[in-house]
Visitor: 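Right, I'll just put the structure down here and ask away after.
Every heavy atom of this structure was used, including side-chain atoms; hydrogens, water molecules and symmetry mates were not. Throughout, numbering of the chain's residues begins at 1 and tracks the sequence. In this text, all values refer to a predicted model and were calculated from it rather than measured experimentally.
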Amino acid sequence: MSDSTAERSIEVGQLQRERWKMEKIEERVAIDKMEEIEKMEEIEKREERIKGLPKDLQCKVIYSDIDGTLLDSRHHVPERTAMKLRELEVKKIPFILVSARMPSAVRLVQREFCDREAMICYSGALVLDKEGRELYSHPIPLDLAVEIWAALRRDHPKVVRNGYGWDLWVVDDDQDPRVQREEQITEGKALVGDMGQIFAEQGGLHKFLLMGEPEDLGRAERFLKTRYPQLSVLRSNAYYLEVMAPGVGKAEGIRILCGHYGISLEEAAVFGDGENDMGMLRAVGYGIAMGNASDQVKAAAAYVTLSNEEEGIYEAIKGL
């Protein structure tokens, strides 16, 4: 091979290598642009799912439902949210849990982000201050509770009955998988026994929780609303039906605690995802539904944040 031919071969090889490098650079640029476009599209979709969330949320107290709202699918407070709640505690902005749970189960969640705070239990039937003292208690009278318990056993045997009051929880069968699952989530222990005898000293109980298939709960719900129209009967989800005394609701619990703190409802924020959260979402200045809530619940709120899995609470309060 002549020198000139060798030189041309080298030049061709260099050109091919340069061309290959340029192609790789262009390919990388195209990928980067595509990733940027996808990222922008994801941000746009994310923003579309947030309904008018205020950039400068101004509130003096925050109330939050627990399951489906504050907790993720692992039944824990996400770490970034927990860190922000600890900041709010230092800033003296109370973050108060509003739940259908019993006090000990609410404290279990509180410990993930603070030492102790006031709480609203049994969907508003029991309100405790920061030191655990009763501010409000509205149980179902024992004679009425015993009558309802017997009627449900007789006419709705497929429904699992749970009776709650203060820190007591009574069931017919603690081996039922649905009861065991609730024990696992709340780290509580159900008692098996005569409901009337167990709550005799208290003179009543704060809540019935009925578990079952949607159609079975539907029949029980219609029965209760027809036979006992004075009671508060609400679905917390498709498989849970909550029954409380007349006038009980999460919104009433919030009114009581706002009065205790000397804070107006307009200065309060609420987070919720369920049907039983709609009243409190409407009651305050900043009613914020979770992204995983139903359209009905979202319509009851002034604002919508991201889902509980996406730390919707953190998204709303990160500027505080």
Side-chain angles (χ1 to χ4, degrees), residues 65-76 97-109 121-126 139-140 145-199 205-225 227-228 231-245 248 250 272-277 292-294 297 308-309:
D65 173 54
I66 294 180
D67 300 293
T69 299
L70 176 62
L71 303 186
D72 58 23
S73 58
R74 299 178 300 111
H75 305 294
H76 288 290
L97 298 178
V98 186
S99 176
R101 294 187 181 198
M102 61 201 300
S104 58
V106 175
R107 289 191 196 99
L108 181 72
V109 178
C121 306
Y122 301 130
S123 298
L126 180 64
I140 299 172
V146 169
E147 179 185 324
I148 294 169
W149 192 259
L152 290 169
R153 171 185 286 172
R154 182 184 64 248
D155 299 331
H156 302 276
K158 291 184 179 180
V159 171
V160 177
R161 301 171 303 157
N162 300 259
Y164 289 89
W166 291 270
D167 252 332
L168 295 173
W169 171 19
V170 180
V171 297
D172 291 313
D173 179 11
D174 62 357
Q175 298 305 302
D176 187 285
R178 288 160 290 193
V179 172
Q180 292 182 335
R181 181 176 181 275
E182 190 71 10
E183 287 181 331
Q184 183 179 16
I185 291 172
T186 64
E187 298 188 22
K189 185 69 186 85
L191 302 174
V192 177
D194 186 289
M195 186 273 292
Q197 290 181 6
I198 290 173
F199 286 105
L205 52 75
H206 286 111
K207 183 191 79 168
F208 288 120
L209 168 62
L210 308 183
M211 302 170 174
E213 293 302 313
E215 56 271 22
D216 295 323
L217 285 183
R219 285 189 285 271
E221 182 177 7
R222 289 189 292 274
F223 162 74
L224 289 167
K225 287 182 173 179
R227 181 78 174 272
Y228 307 101
L231 295 176
S232 295
V233 181
L234 289 170
R235 289 284 186 103
S236 49
N237 62 49
Y239 303 93
Y240 281 16
L241 182 67
E242 315 274 354
V243 184
M244 284 81 63
V248 166
K250 292 184 176 183
D273 75 300
E275 177 187 331
N276 61 345
D277 298 323
N292 49 291
S294 68
V297 174
N308 61 322
E309 288 298 315

Visitor: Just how far is it from atom CG of D176 to atom CZ of R161, taken to the nearest 0.5 Å?
Guide: 12.0 Å

Visitor: Look only at the side chain of N292 and the backbone of N308, and say whether a donor-acceptor pair between them is shorter than 3.5 Å.
Guide: yes

Visitor: Between K225 and E221, does any NZ, NE, NH1 or NH2 come within less than 4.0 Å of an OD or OE carboxylate oxygen?
Guide: yes

Visitor: What's the verdict on ring-ring contact (aromatic ring centres under 6.0 Å, His included) for F208 and W149, showing C-alpha distance, side-chain angles and the deciding distance?
Guide: CA-CA 9 Å; F208 288 120; W149 192 259; 5.8 Å; yes

Visitor: Taking E187 for its side chain and A105 for its backbone only, find out whether a donor-acceptor pair lies under 3.5 Å.
Guide: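 Pair absent, no side-chain N/O of E187 close to backbone of A105.
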
Visitor: Within the structure provided, determine whether D172 and M195 are in side-chain contact (heavy-atom separation under 4.5 Å).
Guide: no

Visitor: Please step through salt bridge (charged side-chain N to carboxylate O under 4.0 Å, His left out) for the pair K158 and E213, ending with a clear verdict.
Guide: CA-CA 8 Å; K158 291 184 179 180; E213 293 302 313; over 6 Å; no

Visitor: Which heavy atom in D173 sits nearest to a heavy atom in Q175, and how many Å separate them?
Guide: OD1-N, 2.9 Å

Visitor: Looking at every heavy atom in both V171 and A190, which two are closest together, and how far apart are they?
Guide: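 The pair with the smallest heavy-atom distance is CG2-CB, 3.7 Å.
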
Visitor: Before you tell me yes or no, could you show the steps for S73 and E309 under side-chain contact (heavy atoms from CB on, under 4.5 Å), namely the whole-Å CA-CA distance, both residues' side-chain angles and the distance that decides it to 0.1 Å?
Guide: CA-CA 7 Å; S73 58; E309 288 298 315; 2.9 Å; yes

Visitor: What heavy-atom pair brings A220 and L241 nearest, and what distance separates the two atoms?
Guide: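 Taking A220 first and L241 second, the nearest heavy atoms are C-CD2, 4.4 Å.
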
Visitor: Using 0.5 Å steps for rounding, measure from the CZ atom of R235 to the CG atom of L210.
Guide: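 Result: 9.5 Å between the selected atoms.
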
Visitor: Can you find a heavy atom in the side chain of V160 that is under 4.5 Å from one in the side chain of V179?
Guide: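 A side-chain contact under 4.5 Å exists here.
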
Visitor: With a 6.0 Å cut-off (strictly less than), is the heavy-atom count around OH of Y239, excluding the residue itself, greater than 12?
Guide: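 No, OH of Y239 has 12 or fewer neighbouring heavy atoms, counting only those of other groups under 6.0 Å.
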
Visitor: Checking D216 side chain against G212 main chain: does a donor-acceptor pair fall under 3.5 Å?
Guide: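 Between the backbone of G212 and the side chain of D216 there is no qualifying donor-acceptor contact (under 3.5 Å).
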
Visitor: Please answer whether the main-chain N or O of S123 pairs with a side-chain N or O of K207 as donor and acceptor at a distance below 3.5 Å.
Guide: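 Here the side-chain-to-backbone pair does not exist.
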
Visitor: Hey, are the side chains of L191 and L168 touching, using non-hydrogen atoms and a 4.5 Å cut-off?
Guide: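 When only atoms from C-beta onward are counted, L168 and L191 do touch, with a gap below 4.5 Å.
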
Visitor: Should D72 and H76 count as side-chain neighbours, where that means a heavy-atom distance under 4.5 Å?
Guide: yes

Visitor: Would you check if the side chain of D65 reaches a backbone N or O of G68 as a donor-acceptor pair within less than 3.5 Å?
Guide: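 Judged by distance alone, no pair lies under 3.5 Å.
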
Visitor: Quick one: does any side-chain atom of S232 pair with a main-chain N or O of A245 as donor and acceptor, under 3.5 Å?
Guide: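 Here the side-chain-to-backbone pair exists.
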
Visitor: Is a donor on one side and an acceptor on the other found under 3.5 Å between the side chain of N162 and the backbone of L209?
Guide: yes

Visitor: For L205 and A145, which heavy atoms make the closest approach, and how far apart are they?
Guide: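 Where L205 meets A145 most closely, the heavy atoms are CG-CB, 4.1 Å.
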
Visitor: Roughly how far apart are I148 CD1 and R227 CZ, rounded to 0.5 Å?
Guide: 9.0 Å

Visitor: Which value, rounded to the nearest 0.5 Å, describes the distance between E182 atom CD and Q180 atom CD?
Guide: 12.0 Å

Visitor: Should P177 and R181 count as side-chain neighbours, where that means a heavy-atom distance under 4.5 Å?
Guide: no

Visitor: Side chain to side chain donor-acceptor pair (under 3.5 Å) for S104 and D167? Distances and angles first, verdict last.
Guide: CA-CA 7 Å; S104 58; D167 252 332; 3.0 Å; yes

Visitor: If I take atom CE from residue M211 and atom CG from residue L217, how far apart are they, to the nearest 0.5 angstrom?
Guide: 10.0 Å

Visitor: Could you go step by step and tell me if E242 and Y164 meet the side chain to side chain donor-acceptor pair (under 3.5 Å) rule?
Guide: CA-CA 11 Å; E242 315 274 354; Y164 289 89; over 6 Å; no

Visitor: To the nearest 0.5 Å, how far apart are CG in N237 and CG in N276?
Guide: 9.0 Å

Visitor: Got L108 and T186 here, is their nearest side-chain heavy-atom distance under 4.5 Å?
Guide: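 No - every pair of side-chain heavy atoms lies 4.5 Å or more apart.
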
Visitor: If you count the non-hydrogen atoms of other residues, nucleotides and ligands that lie under 6.0 Å from CD in Q184, is the total more than 12?
Guide: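 Check fails, neighbour count at 12 or below.
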
Visitor: I want to check something: taking the side chain as every heavy atom from C-beta on, are W166 and C121 in contact at a cut-off of under 4.5 Å?
Guide: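 Side chain of W166 against side chain of C121, heavy atoms only: no contact under 4.5 Å found.
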
Visitor: Begin with the C-alpha distance, continue with both residues' side-chain angles, and end with the deciding distance and a verdict on salt bridge (charged side-chain N to carboxylate O under 4.0 Å, His left out) for D67 and R101.
Guide: CA-CA 10 Å; D67 300 293; R101 294 187 181 198; 2.8 Å; yes

Visitor: Report yes if some heavy atom in the side chain of W169 is under 4.5 Å from a heavy atom in the side chain of E183; otherwise report no.
Guide: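 Yes, close enough: below the 4.5 Å cut-off.
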
